[in-house]
Engineer: 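A single structure is presented below for examination.
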There are 2 protein chains.
Amino acid sequence: MANLVAPQPGPEGFPRAVALPPDKLEAAHRELVERFGPGRVLTDFRDRMAYAYDATGEKYPPDAVVFPLSTEDVADAVRIAARHGLPVIARGGGTNISGGTIPVTGGLCLAMNRMDRILAIDTENHTATVQPGLRNLALQEALRPHGFFFAPDPSSHRVSTVGGNAGENAGGPHCLKYGVTVNHVLGLTVVLADGEVVRLGGPEQDRPGYDLVSLLVGSEGTLGVITELVVRILPLPPVVRTLLAIFDDLEVAMQTVSDIIAARVVPATMELLDRGTIEVVERYARAGYPEDAEAVLLIEVDGPEESVADELARVEAVCRRNGVRELRVAKTEAEREALWLGRRAAYGAAGRLSAHVWTQDVTVPRDRLVEMLRTVQAIGRKYGIRLINVAHAGDGNLHPLVAYDPQDADEIRRMKAADQEILAACVALGGSISGEHGIGIDKLPNLELQLGPDLLGLMWSVRQAFDPALRLNPGKAVAAPRRNV
Amino acid sequence: MANLVAPQPGPEGFPRAVALPPDKLEAAHRELVERFGPGRVLTDFRDRMAYAYDATGEKYPPDAVVFPLSTEDVADAVRIAARHGLPVIARGGGTNISGGTIPVTGGLCLAMNRMDRILAIDTENHTATVQPGLRNLALQEALRPHGFFFAPDPSSHRVSTVGGNAGENAGGPHCLKYGVTVNHVLGLTVVLADGEVVRLGGPEQDRPGYDLVSLLVGSEGTLGVITELVVRILPLPPVVRTLLAIFDDLEVAMQTVSDIIAARVVPATMELLDRGTIEVVERYARAGYPEDAEAVLLIEVDGPEESVADELARVEAVCRRNGVRELRVAKTEAEREALWLGRRAAYGAAGRLSAHVWTQDVTVPRDRLVEMLRTVQAIGRKYGIRLINVAHAGDGNLHPLVAYDPQDADEIRRMKAADQEILAACVALGGSISGEHGIGIDKLPNLELQLGPDLLGLMWSVRQAFDPALRLNPGKAVAAPRRNV
């Protein structure tokens, strides 16, 4: 729970944040302004505060903000930061909810938003080459006239950037069928901790030597700063059909998810909303979901017309065999949008319940999802917290949304206890404490619970190999194992 | 060209192979026999020679061979090797053709073939858990009754193992549609250089912390020894249709490959054979390919019946529009096998041309494949070597097959020169000097040509992070950059 966990950079092997003495900070600012001009450097405290937080909630201002326009800019900024002993934090849309872009130890924030160009769209080889600050939705909009799309579709796609999607290895509803971001990044240009520029991978499937592309994706800027990406693009499916299946029983809804996959259909999405979510969504967004349903599944199938018709028929047959209360198939794009409204409104509707919403992100094997969901509901009741659940059910990826009042110390205490129980239950079910939102500062204290000290130590040694001085995004992604400190 | 390049472990940062003095070797053998029993240790020179080579041709005997049955066996063997200063080389089927399993510095060979069990087939979650010594074909045969398959299908699938496929990040004809091995490995159990056991990844899509699974896949046993794999399994496509397209013009054949992909069809395979290959194949295997054709494409589409029919029609339309000479669509499984016969016979038929065959493995962007193929043909003529070409055309992955006489020093010299020109041409076209056969000892001297010293240095530091003493499969996969030595 990021907004509750104070970052503790010391114990994990990072130099504790020490503000630079004013004269040294002044010298760093001066060198940055000399190199980039005053228009591309922020040094004023109030300006820097705008880069102190992301969607997670914590606030730690950077010592300076630079807006690079090119790989060379980034390399120079990294070198200047090194000379002045400043950590380096690359930042895209700042939409992540694990604290991956919060400058917990201060440092130089590289605001990548102006590096937002599409350098090439290669429909022949099914790739696009883009700068990291390009927004996910802007890429989708540029690809659509060519008949292509970029598969990762995090809910933040209007704001989040392709570089940020790669940094956090973002998912989204469609990753059930298409996989997460790492499956769609083919090549990277990266500025390393010492300012060296390397190109990793490329349009080919095979990567000679070690697969550093996959290592960089999801590393939250701790191994290098991504300055260019070659991503896989996919032909838009000719046909998309969307269906809402309404169930009187949560177990039956989840069994239906499994039965659909057992029937050899891999829908593009299978989103599940539990009763609490339906009630809240209906109260605030009026999507037309029946408030007394125990669960709804939002299922989308896509592909060529013939196979979509066949798959939709098989999905409907499985739902009926399992005793679905009602099936609604969208006949128009407007109807499709209406069906999605409830799912999309969940986060906002939860926000109406209290001042803040905390989104947890856990994944369990698909056949344990009901158990996990029941456990989360029970934990919520036990601690008396307001908790609703949405899930990328096909992936076993559950997002409990917790509405809370940050002024209520007792509620915070109960939330923290509930959160820790949720993570422990997830690990006990063979799950992963991070589904698609990354580790950041939020999951870092629990990473050893997930990985154990040996594996964490191995990751730590990889980090040290890339960044011996530990200046790239300190306090995120991977920590030193406690037993070795 | 592995059988021509003498391994030079010294300059790349590895301890040069020094045979253990007889008394020390004796002590190592004694400890291995004590732990594993005489039936699971080979120490006799003639026995060890059977593990001195792989399909590449070089021969360097290991100091001992052990047959582990479990992760614990591997961990103990690795610890014993460490105590006696022996390198460790894990070996599966020994089918690789880049020298990845040749003990060039001696050491302890871990023959993984007896770790060949299927531990679980989970049709619910679409995963299988297997030991690394399981043969690829044995896995396919076990999956078929469940209606599933494992996508990587290297030509060596009858002999090569799943662990070896992962170690080399193997491809195969079907990786056009399904991706290479790294896309199908979800979790690994790995014994590290010091004998520690770690579990990486698992059935979930997201991997908290760094993605070490993808890093291990393709690392040729240099970062750890894989002792268990969780792999993705896919539902068998209900329908497979196979088509042979015969062309009078190589450029037209390759344009057809691009046009098919531009027509939004992603066939399961698009294999190309050039005229030289067709002639050789017909002379020795009589697959019924017309000997005067300039190229044939072997195209397979798979999926649900409705979409396959549609895709096949679109493939045929593109071929006709491009002026294909003849289309042959298999109507029965026997006809399908007959069409594949020519492709499968290429390597064997090339073997009839001379005593040995060397297979090169280069990948270029798909739209440069014709250029690459013409260049290779011209290089072959320039040096007067016998060279035929098969390609996974959809991937831009080209396999020049060179038939040669290992006794003919002049031919060897010309081959070496031709090979170096082929690799340089590949890099110049923006390609990769290894498509799917790995780096091993064969490509190691040219890896810096591909990656440059900075990137190679980065990979080297990752290797050192995993294995500071450089005892895991020395002389393979990644070398120290020369400029740093």
Side-chain angles (χ1 to χ4, degrees), chain A residues 123-126 169 171 175 179-180 182-183 192 196 198-200 202-206 208-212 214-215 217-219 235 258 262 264 303-304 306-307 310 363 365-367 395-396 430-436 439 443 447 450-451 454-456 458-459 461-462 464-466 477-478, chain B residues 123-125 169 171 175 179-180 182-183 192 196 198-200 202-212 214-215 217-219 235 258 262 264 303-304 306-307 310 363 365-367 395-396 430-436 439 443 447 450-451 454-456 458-459 461-462 464-466 477-478:
Chain A
T123 56
E124 168 86 4
N125 291 306
H126 291 202
N169 192 19
C175 70
V180 290
V182 69
N183 302 122
L192 301 175
E196 259 178 33
V198 291
R199 285 179 185 269
L200 310 177
E204 297 80 29
Q205 291 224 36
D206 200 66
Y210 300 145
D211 182 358
L212 300 187
S214 301
L215 187 67
V217 173
S219 69
S258 292
R264 305 293 156 77
E306 304 79 6
S307 65
D310 172 63
T363 300
R366 190 193 308 122
D367 55 3
D395 296 321
S432 162
I433 61 166
S434 168
E436 56 184 14
I439 298 298
K443 296 288 171 68
L447 194 57
Q450 171 91 60
L451 301 176
D454 289 348
L455 183 47
L456 191 58
L458 190 61
M459 291 185 184
S461 68
V462 169
Q464 290 177 305
F466 274 75
V478 163
Chain B
T123 56
E124 169 86 3
N125 291 306
N169 193 18
C175 70
V180 290
V182 70
N183 302 122
L192 301 176
E196 259 178 32
V198 291
R199 285 180 184 270
L200 310 176
E204 298 80 28
Q205 290 222 35
D206 199 65
R207 294 158 185 159
Y210 299 146
D211 181 358
L212 300 187
S214 301
L215 187 66
V217 173
S219 69
S258 292
R264 304 295 156 78
E306 303 79 6
S307 65
D310 172 62
T363 300
R366 190 192 308 123
D367 56 4
D395 296 319
S432 162
I433 61 166
S434 168
E436 55 183 15
I439 298 298
K443 296 287 172 68
L447 194 58
Q450 171 89 62
L451 301 176
D454 289 347
L455 184 46
L456 192 57
L458 190 61
M459 291 184 183
S461 68
V462 169
Q464 289 177 306
F466 274 75
V478 163

Engineer: If we ignore angles and hydrogens, is there a donor and acceptor under 3.5 Å between the side chains of A/Asp211 and A/Ser214?
Structural biologist: yes
Engineer: Please name the pair of heavy atoms, one in A/Pro208 and one in B/Ile439, separated by the smallest distance, quoted to 0.1 Å.
Structural biologist: CB-CD1, 3.9 Å
Engineer: For B/Glu124, does its backbone N or O pair with a side-chain atom of A/Arg366 as donor and acceptor, under 3.5 Å?
Structural biologist: yes
Engineer: Which atoms of A/Leu455 come close to chain B, meaning under 4.5 Å heavy atom to heavy atom: side chain ones, backbone ones, both, or neither?
Structural biologist: both
Engineer: Of all of A/Leu451, A/Leu212, A/Ile433, which one pairs up most often with chain B through heavy atoms under 4.5 Å apart?
Structural biologist: A/Leu212
Engineer: So for B/Thr123, is it side chain, backbone, both, or neither that comes closer than 4.5 Å to the heavy atoms of chain A?
Structural biologist: neither
Engineer: Measure B/Gln450 against the heavy atoms of chain A and call it side chain, backbone, both or neither at under 4.5 Å.
Structural biologist: side chain
Engineer: Against chain A, work out which of B/Pro304, B/Pro235, B/Gly171, B/Ala262 has the most heavy-atom pairs shorter than 4.5 Å and name it.
Structural biologist: B/Pro235
Engineer: When heavy-atom pairs shorter than 4.5 Å are enumerated against chain A, which of B/Leu215, B/Leu458, B/Leu447 gives the highest number?
Structural biologist: B/Leu458
Engineer: Identify which of B/Gly218, B/Ala465, B/Ala477 forms the greatest number of heavy-atom pairs closer than 4.5 Å to chain A.
Structural biologist: B/Ala465
Engineer: Which atoms of B/Asp367 come close to chain A, meaning under 4.5 Å heavy atom to heavy atom: side chain ones, backbone ones, both, or neither?
Structural biologist: both
Engineer: Checking B/Leu192 against chain A: side chain, backbone, both or neither under 4.5 Å from a heavy atom?
Structural biologist: side chain
Engineer: Work out which heavy atom in A/Ser307 is nearest to a heavy atom in A/Gly303; give both atom names and the distance.
Structural biologist: OG-C, 4.5 Å
Engineer: Once rounded to the nearest 0.5 Å, what's the spacing between atom CE of B/Met459 and atom OG of B/Ser219?
Structural biologist: 11.5 Å
Engineer: To the nearest 0.5 Å, what is the distance between CG on B/Asn169 and CG on B/Asn183?
Structural biologist: 7.5 Å
Engineer: To the nearest 0.5 Å, how far apart are CZ in B/Arg264 and NE2 in A/His126?
Structural biologist: 6.5 Å
